[in-house]
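Structure first, commentary second.
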Amino acid sequence: MKTIANRKLWKLIYWLFWLGPFLVTAGLTVGLISGFRGVVPLVLLIPGVALIAAWIIIEGQRNNWLGQRSTQAGTNALLATLAVLAMLGLINFIGARYHLRTDLTETQLFSLAPQSRELVRNLKQPVKIWIFDVNQNPVDRDLLENYRRQSSKFEYEYVDPQAKPGLAKQFGVKEAGEVYLETNQQRKLVQVVNQSERLSEIRLTNRLQQITSGTSVKAYFLQGHGESQLTAGENSISQAAKALNDKSFTTEPLNLAQISEVPKDANVIVVAGPKRALFDTEVKALQNYLNGGGNALLMIDPDTEPKLEPLLNEWGVKLDTRLAVDVAGSEALGPAVPIVTEYGKHPITKDFGNGISFYRLARPVDTTPVNNIQATPLLLTRPYPSTWAESDQKSEKLEFNEGQDRKGPLTLGVALTKKLSTPTPTSGESRLVVIGNSDFTTDGLFQQQLNGDVFLNSVSWLSQQDQQPLSIRPKEQKNRRVNLSVAQTVLLRSSALFILPFVGFIGAGLLWWQRR
């Protein structure tokens with residue numbers, strides 16, 4: 001009778017053991033779903049663990065298998081396995097709570113530009129991106145996630161316009177794929193995404209800046225002296241004007257010969273390559289504008305005399321009449337196109353690194369100290385003998401002539417800041433950028449290398465919208481494709497099929513022979 005009772009008892013314990021793993025599994029499942037909130041996971045886990053532990057103790061005492069060597073080895077293996085699982089779980093837990101990403105691509109394809117990160121981190125009010133599209137493109141989601149990681153004030157949501165027609169009507173959605181930015185009851189269309197056009201960081205950051213700052217920035221382009229025109233055509237800077245418009249600037253032509261002063265709403269005046277001299281009244285209007293807290297970008301080509309000396313002398317700027325040459329530059333561009341890879345420490349060029357910008361037919365720009373004016377070189381050529389300022393521009397043979405020419409490095413662009421004796425309500429300083437070339441902004445050259453960035457960053461800095469992000473370059477994948485000749489292809493294929501296996505067989509045979 002006692003034996004039968006013991007058997008019934010162990011049978012009951014056996015079935016209770018299976019109840020323990022069931023309770024533990026249920027507790028873990030409920031905990032993972034609820035994020036281990038509440039007491040339900042604990043109510044299931046504690047009895048389950050207790051039943052499993054009790055069964056192990058009782059079974060060990062009954063069979064004395066806890067003291068066996070095989071049991072100890074199995075226990076050690078089990079503990080090691082549990083330790084590995086615990087570490088993996090801890091790593092996954094930390095990974096879920098704390099995001100750490102490293103972008104190892106050369107051009108940082110999967111990272112936000114510094115300007116975007118700075119803007120989002122400094123958000124003072126919540127913003128939300130609405131994407132009215134049933135399809136959630138993974139590339140767009142990754143970009144939005146990069147923004148969201150920078151600040152808790154940035155959110156985004158995908159909306160099916162057919163499932164929520166009322167919300168789509170509030171935003172005025174006309175087609176699927178429209179992306180809107182909303183903050184403080186303000187809504188602005190960012191762009192329309194589709195299969196051929198994905199969400200753009202440039203547009204999103206610029207729209208974000210525009211809607212959060214609530215300001216309108218106006219840039220006037222001086223006309224009437226042979227300057228580059230704003231509309232598409234020969235000697236046009238239409239791409240530069242469009243890029244400013246994409247950055248929420250308003251651009252308009254300005255003819256100072258028809259009016260007596262610079263418009264009051266001008267944030268920046270751009271003088272892009274005048275071929276003829278300005279009237280004295282025009283120069284005086286520009287001087288008055290700068291002395292009153294205005295800002296200007298002067299791009300003056302060689303072999304031109306715009307008669308801006310009275311203005312430039314006030315700022316301590318002198319334009320060299322010689323031509324900057326770069327005999328160690330690109331063979332495709334020629335020696336009359338200096339290549340710049342060194343930049344001054346300034347907000348305009350702070351993110352350029354050793355990037356390339358180039359200036360076809362440029363003149364050096366010099367500065368002399370002037371009270372209350374701070375000058376910073378922006379664009380620096382390589383030193384002599386790679387570059388120098390050539391005085392004989394008609395000679396077909398380029399050679400340095402001591403006493404006539406000027407050794408490099410040459411400064412092709414400079415940024416200046418003047419402290420105003422009587423600050424205006426909107427500014428306490430005036431800003432000026434002078435570059436000895438305007439060709440780098442023309443259509444076709446504007447989008448090459450850092451040329452567009454030099455222009456856009458200069459205008460952005462001159463506008464004194466210091467919280468406004470500067471130029472963001474599109475990220476482009478580098479072409480790393482290896483082009484093999486026919487002979488190289490045959491050699492590579494033969495090596496993989498015959499030579500390497502043969503070498504492996506020989507090595508294995510020698511090893512076998514040595515161990516015989």
Side-chain angles (χ1 to χ4, degrees), residues 222 267-274 283 286-302 304 306-324 338 340-352 357 359 362-384 387-389 406-424 427-438 440-441 450-451 453-466 470-471:
L222 190 65
N267 296 96
V268 184
I269 299 296
V270 179
V271 182
V283 177
L286 290 175
Q287 288 180 277
N288 294 336
Y289 169 70
L290 289 172
N291 291 332
N295 315 280
L297 169 60
L298 307 181
M299 298 181 288
I300 312 299
D301 297 311
T304 59
K307 301 299 182 181
L308 287 170
E309 284 77 10
L311 184 155
L312 296 175
N313 291 338
E314 285 187 3
W315 290 75
V317 177
K318 180 176 177 59
L319 299 175
D320 198 317
T321 59
R322 289 168 288 197
L323 179 70
V340 172
T341 58
E342 183 178 350
Y343 304 91
K345 295 182 179 179
H346 193 272
I348 294 175
T349 54
K350 66 176 182 179
D351 296 321
F352 285 4
S357 61
Y359 307 86
R363 65 197 304 173
V365 179
D366 300 322
T367 58
T368 56
V370 177
N371 290 337
N372 298 324
I373 293 181
Q374 180 181 357
T376 304
L378 294 179
L379 313 172
L380 304 171
T381 68
R382 284 172 285 194
Y384 177 83
T387 66
W388 69 81
R406 171 183 170 188
K407 294 182 178 180
L410 307 172
T411 300
L412 303 183
V414 62
L416 305 102
T417 302
K418 176 192 286 187
K419 295 295 182 181
L420 300 179
S421 57
T422 305
T424 67
S427 175
E429 64 183 26
S430 180
R431 296 177 178 180
L432 177 67
V433 172
V434 183
I435 299 177
N437 174 264
S438 68
F440 75 100
T441 62
L450 292 176
N451 286 8
D453 297 70
V454 173
F455 174 80
L456 293 175
N457 285 7
S458 296
V459 177
S460 295
W461 178 74
L462 287 168
S463 69
Q464 301 200 34
Q465 309 296 313
D466 291 336
L470 301 180
S471 173

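We number each residue from 1, following the sequence as shown. Every value quoted in this text rests on a predicted model; they were computed, and no experiment measured them.
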Atom pair [atom1] ([X]) and [atom2] ([Y]), whose distance is rounded to the nearest 0.5 Å:
| X | Y | atom1 | atom2 | value |
| --- | --- | --- | --- | --- |
| Asn291 | Ser421 | CG | OG | 8.5 Å |
| Trp388 | Arg322 | CH2 | CZ | 13.0 Å |
| Asp453 | Ser460 | CG | OG | 10.0 Å |
| Trp461 | Leu456 | CH2 | CG | 15.5 Å |
| Tyr384 | Leu410 | OH | CG | 12.5 Å |
| Thr417 | His346 | OG1 | NE2 | 5.5 Å |

### Query
Going through the checks in order, is the side-chain contact (heavy atoms from CB on, under 4.5 Å) test met by Val365 and Leu379?
CA-CA 10 Å; Val365 179; Leu379 313 172; over 6 Å; no
Is there a donor-acceptor contact under 3.5 Å from the side chain of [X] to the main chain of [Y]?
| X | Y | value |
| --- | --- | --- |
| Ser357 | Leu450 | no |
| Asn295 | Asn267 | yes |
| Glu429 | Gln464 | no |
| Arg363 | Ile300 | no |
| Thr349 | Leu378 | no |
| Ser430 | Gly294 | yes |
| Asp301 | Ser438 | yes |

What's the shortest heavy-atom distance between [X] and [Y], and which atoms?
| X | Y | value |
| --- | --- | --- |
| Ile435 | Val454 | CD1-CG1, 4.1 Å |
| Arg431 | Leu290 | O-CD2, 3.9 Å |
| Leu420 | Gly292 | CD1-C, 4.3 Å |
| Ile373 | Glu314 | CD1-O, 3.5 Å |
| Pro302 | Gly436 | CD-O, 4.1 Å |
| Lys307 | Pro310 | O-CD, 3.8 Å |

### Task
For Gln374, look at atom CD and say whether over 12 heavy atoms of other residues, nucleotides or ligands are found less than 6.0 Å away.
no
### Query
Do Asp320 and Asp366 have side chains that get closer than 4.5 Å, going by heavy atoms?
yes
### Message
I'd like to check Pro364 versus Arg406 (side-chain heavy atoms, cut-off strictly below 4.5 Å). Are they in contact?
### Response
yes
### Task
Check each of Leu416, Leu298, Thr367 against Trp315 using the side chain to side chain contact (heavy atoms under 4.5 Å, CB included) test, and report the only one that passes.
Leu416
### Message
So, applying side chain to side chain contact (heavy atoms under 4.5 Å, CB included) with Leu380, which one of Val340, Thr387, Thr411 is it?
### Response
Thr411
### Task
Walk me through it: do Asn457 and Asp351 pass the test side-chain contact (heavy atoms from CB on, under 4.5 Å)?
CA-CA 10 Å; Asn457 285 7; Asp351 296 321; over 6 Å; no
### Query
Which is it for Met299 and Val270 under the side-chain contact (heavy atoms from CB on, under 4.5 Å) test, yes or no, and what are the steps along the way?
CA-CA 8 Å; Met299 298 181 288; Val270 179; 3.9 Å; yes
